[in-house]
Amino acid sequence: MTTRVFVLVCWLFTATTLPAQLDWRALPSPRAGYQHAMAYDPSRGRIVMFGGFTGTGLIQSDETWEWTGSRWLPREVPGPERRHGAGMAWDPHSGEVLLFGGMDYDWAYAQDILFGDTWSWNGQRWRRLSPPRSPSPRSSVAMGNDPRTGEIVMFGGVTSTGFFSTKSDETWTWNGATWILQTPATRPPASYRASLVPSPIGSRLLMLGGLSASQFDFHGDTMWEWDGLDWSRVAVRSTVYPQTIYCAAHDPVRGRVLTLEHPWSRYPPRMWSWDGLDWSEILPTSTAFADWPANFDEGPLLNLEPGRQRILRFGGWDANGLANGDLLPKRATWAFDLWSERWSIVNDHAWLPAGQYGVVHDANRGRELFVGGYSNTRTWAYDDGEFGELGTSFRSWVGFNGMLECHYASGLVVVHGSNGDVLGRLDDRTWLFDGSQWSWRRYTVAPDPYLSGGVSSSYDPAARRILMWDESRRRLWSFDPSSGWQDLGPGPAMVGRAAFDAARGRLVLASWSAPSPGRIFEWDGQSWTEVFPANPLPALGGCFLEYVPELGGVVCVGLPRWLGGYFPDGTWLWDGVDWRQLPVQAMPYHVNSSFNLRIAYMSYDPEQGRLLAFFDGDVNMPAYALYGPTLSVDQPYPHPGDSMTFGFADATQANRQWLLGLSLSDRTGIPLLRHPFGIMRRYPLDADDLLIATLTHLRGRLDANGNGSFTVAIPNDPSLIDLTFHAAAVTLDQTWFGTISNQLDCEVVR
């Protein structure tokens, strides 16, 4: 490995200047979903996934992901519009993955949109093709490769939407340049969502599963074969067979076809094997169906790279989640070993169930905690892009009403004023979480901080206490786990959010709504003072306030839509004198089928110096992060011979020295800075040979705007394929290090 390290370093770099950039960035993790398109690319050894539903609403994705064999890589490039039900298969003529059709929902006209476009993916970019002839727009087609010729075959699909939607019985083939409508003497019934896989017997293409025009599932006794010219029905002599088939895959190891029954017809779903003559059921190795991918709804079952001899399964509904009232998958990626016939989780993306939560940074464990949800009894952790359930907590619905805050000095997470019963009455107890379990205390204070809803809280590191602003009663409270609650008296009579500016020792209270939008007060520990900024906040549909020292003050994030109203969205910074709108793009808001989706959860992560934003509603969105010192790269997944340009932006560090470091290790990092909250900030890389070499060479000076960049050339050496490395930047202050950037993960791909 050392040889590869120094080969990479020897190809470093030219220095250029990039414009200032500060933007919300989606943290990489594929959205749990279904009816996405997937295909295996044998030329690059990757599975490609595009689009699909992202939750229970009509929210669809336009994201491209690739599976490396152990994790999903986001490919953040422009491509097809968002959709579900597209067909996808590998094209041997071009050596690229072909995508056709699909469906989206037009909110402006409240109707479905069918696509009839053809796209090609080469691993780096999408290219829209313009074939001389093309099928009419359709979705949920069956697509597969003809074993004799390798050409792509497409059958069926939905060609019109609505209650009486039309299904197709057409057969099309792709010759690398255009679509050709075939005219077989025999046609299978019109259907959609069928599977096309190589037949276990002979060089034919087998079609099975799917839904017919009469809305009945294809059964296991109804299969068809395509010989390149005509369809023929397959004779089945088995007396037992799948009642329904909703996904299938070819098993090249044992020469068979594997299928899963649709679990709506039977739970747990049953798995079957077809050898060309008979069906046989594959039984789970234990009665613990947690080891069986009980995922609901449509989702392809695919071959992974043949060398791994396993089949991949991603997405769908989690039946165990349904039992709890949660409609989103918890374990997204499964693999079926073709020799042992065992399922195992190969990439566990646990997703936060729908609901309304409170969120806070858990300082001692370096993660975000979510408390509440529709079940009101759960605690979830968000760490490194994944959600995981920590177990039951207490009846809590702190998303709207209660206080949820971290007491950094003790490391305890504190909840007060949560919904205490089914009537929605608030709990006057204070709950403490030590990282493993919740316990409650009732502190003796006069008067008791019994909340009636609407609070915001922040941590005061100098006094080592939590400050809580009770919006409904217009009072300020402080809390310390050892001494309890203290009433700090009344505050301004206005609706607003509060956050503590640790650098200035002030609690900032900002109004965002009528009757006094734009007003701002500060509390210095003794009294309130109104401040009159030259550029007040506009009226917002709601907002969040968080102190972010990396950005130089208190950040306000506005909500653009609330209760049918339309308000400006954006990100503003309060520096103690005035509001300044930050040059960031608007948050990527999405529309839900029943209401306008909005940010509902926000948390500041001091270890990584980032502001995290999460979404409300019945759709699980990935987290978005806003960094202060921001490191970006134009190509995080380079090929051998490519160049990567790393850009760094930190307006607070103009004209100062900065270092870009690369490392092969992804660990706890190197302690560098003491955070105002008392937490040690770490350079998120490890001191290996690659880091030492790059810190020596990748050193420069930021320009007058705080921008700089380096270009790194990747040698054209195939042995570097699958090499994973990480990048981060630091600035040099007058005495020591000034600021630390976010970490980027990079991988040399085929």
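Taking CG from Asp689 and CG from Leu664, the interatomic distance works out to 8.5 Å, rounded to the nearest 0.5 Å.
Under a 3.5 Å cut-off, the side chain of Trp523 and the backbone N or O of Phe500 do not form any donor-acceptor pair. At distances below 3.5 Å, at least one donor-acceptor pair connects side-chain atoms of Tyr683 with backbone N or O atoms of Gly661. Not a single donor-acceptor pair under 3.5 Å links the side chain of Ser663 to the backbone N or O of Leu685. Asp578 places a side-chain N or O within donor-acceptor distance of the main-chain N or O of Asn535, the cut-off being under 3.5 Å. No side-chain donor-acceptor contact under 3.5 Å links Asn705 to the backbone of Asn707. Arg681 contributes no side-chain N or O that, together with a main-chain N or O of Leu672, makes up a donor-acceptor pair within less than 3.5 Å. The main-chain N or O of Leu369 is never found under 3.5 Å from a side-chain atom of Asp362 such that the two would form a donor-acceptor pair. Looking only at distances, no side-chain donor or acceptor of Asp686 sits under 3.5 Å from a matching main-chain atom of Ser665.
Residues Trp469 and Leu545 form no side-chain contact, since every pair of their non-hydrogen atoms from C-beta on lies 4.5 Å or further apart. Leu660 has its side chain out of reach of Thr694: every pair of non-hydrogen atoms, C-beta onward, lies at least 4.5 Å apart. Side-chain contact check for Leu612 versus Val359: every heavy-atom pair is 4.5 Å or farther apart. Looking at heavy atoms from C-beta onward, His361 lies in side-chain contact with Pro606 at the 4.5 angstrom threshold. With contacts defined as side-chain heavy-atom distances shorter than 4.5 Å, the pair Asp722/Glu747 qualifies. The side-chain heavy atoms of Leu611 and Thr571, taken from C-beta on, include no pair separated by under 4.5 Å. Using a 4.5 Å heavy-atom cutoff, the side chains of Pro538 and Trp572 are in contact. Counting only heavy atoms from C-beta outward, the side chains of Val360 and Tyr459 never approach each other to under 4.5 Å.
Considering every non-hydrogen atom in both Ala363 and Ile679, the closest pair reads CB-CD1, 3.7 Å. Nearest heavy atoms, Ile721 versus Pro640: CG1-CG, 3.8 Å. What you find for Ala704 and Ala654 is that their closest heavy atoms are O-CB, 3.3 Å. Taking each heavy atom of Val77 and Gln124 in turn, the nearest pair found is CG1-O, 3.5 Å.
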Margin query: Using the rule given for side chain to side chain contact (heavy atoms under 4.5 Å, CB included), can you reason through Phe646 versus Leu744, listing the C-alpha separation, both sets of side-chain angles and the distance that settles it, and then say yes or no?
Written below: CA-CA 10 Å; Phe646 292 90; Leu744 296 178; 4.2 Å; yes
Next item on the list: Could you walk me through whether Val415 and Phe433 pass side chain to side chain contact (heavy atoms under 4.5 Å, CB included), step by step?
Entry: CA-CA 8 Å; Val415 164; Phe433 183 70; over 6 Å; no
Next item on the list: Would you check, one step at a time, whether the test salt bridge (Lys or Arg N to Asp or Glu O under 4.0 Å) holds for Asp41 with Arg46?
Entry: CA-CA 5 Å; Asp41 182 348; Arg46 295 291 173 92; over 6 Å; no
Next item on the list: Please assess Asp480 against Arg465 for the test salt bridge (Lys or Arg N to Asp or Glu O under 4.0 Å), listing each intermediate value before the final yes or no.
Entry: CA-CA 5 Å; Asp480 179 270; Arg465 61 182 177 180; over 6 Å; no
Notebook entry, point to check: Passes side-chain hydrogen bond (donor to acceptor under 3.5 Å, both in side chains), Ser436 versus Asp434? Steps please.
Noted result: CA-CA 6 Å; Ser436 59; Asp434 61 5; 3.1 Å; yes
Next item on the list: Evaluate the side chain to side chain contact (heavy atoms under 4.5 Å, CB included) criterion for residues Gln608 and Gln743: first the C-alpha distance (whole Å), next the side-chain angles of each, then the deciding distance (0.1 Å), finally the verdict.
Entry: CA-CA 9 Å; Gln608 300 192 47; Gln743 175 185 299; 5.7 Å; no
Next item on the list: With side chain to side chain contact (heavy atoms under 4.5 Å, CB included) as the test, would you mind laying out the steps for Trp574 and Val531 before giving the verdict?
Entry: CA-CA 11 Å; Trp574 173 254; Val531 184; 3.7 Å; yes
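Using bins of under 30°, 30° to 60° and over 60° for the plane-to-plane angle, the ring pair Tyr547/Phe677 lands in the tilted bin. Between Phe370 and Tyr382, the ring-plane angle classifies as perpendicular under the 30° and 60° cut-offs.
Partners of Phe521 under the ring-ring contact (aromatic ring centres under 6.0 Å, His included) rule, at least two apart in sequence or in another chain, do not exist in this structure. Residues passing the side-chain contact (heavy atoms from CB on, under 4.5 Å) test with Asp733, sequence neighbours excluded: Arg656. Considering only residues two or more places apart in sequence or on other chains, Asp501 meets the salt bridge (charged side-chain N to carboxylate O under 4.0 Å, His left out) condition with Arg504.
Two rings, from Phe50 and Trp126, have their centers less than 6.0 Å apart. Between Tyr604 and His675, the distance from one ring center to the other falls under 6.0 angstrom.
Within a 6.0 Å sphere centred on CZ of Arg464, heavy atoms belonging to other residues, nucleotides or ligands number 12 at most.
For Gln653 and Thr739, the side-chain atoms include no donor-acceptor pair closer than 3.5 Å.
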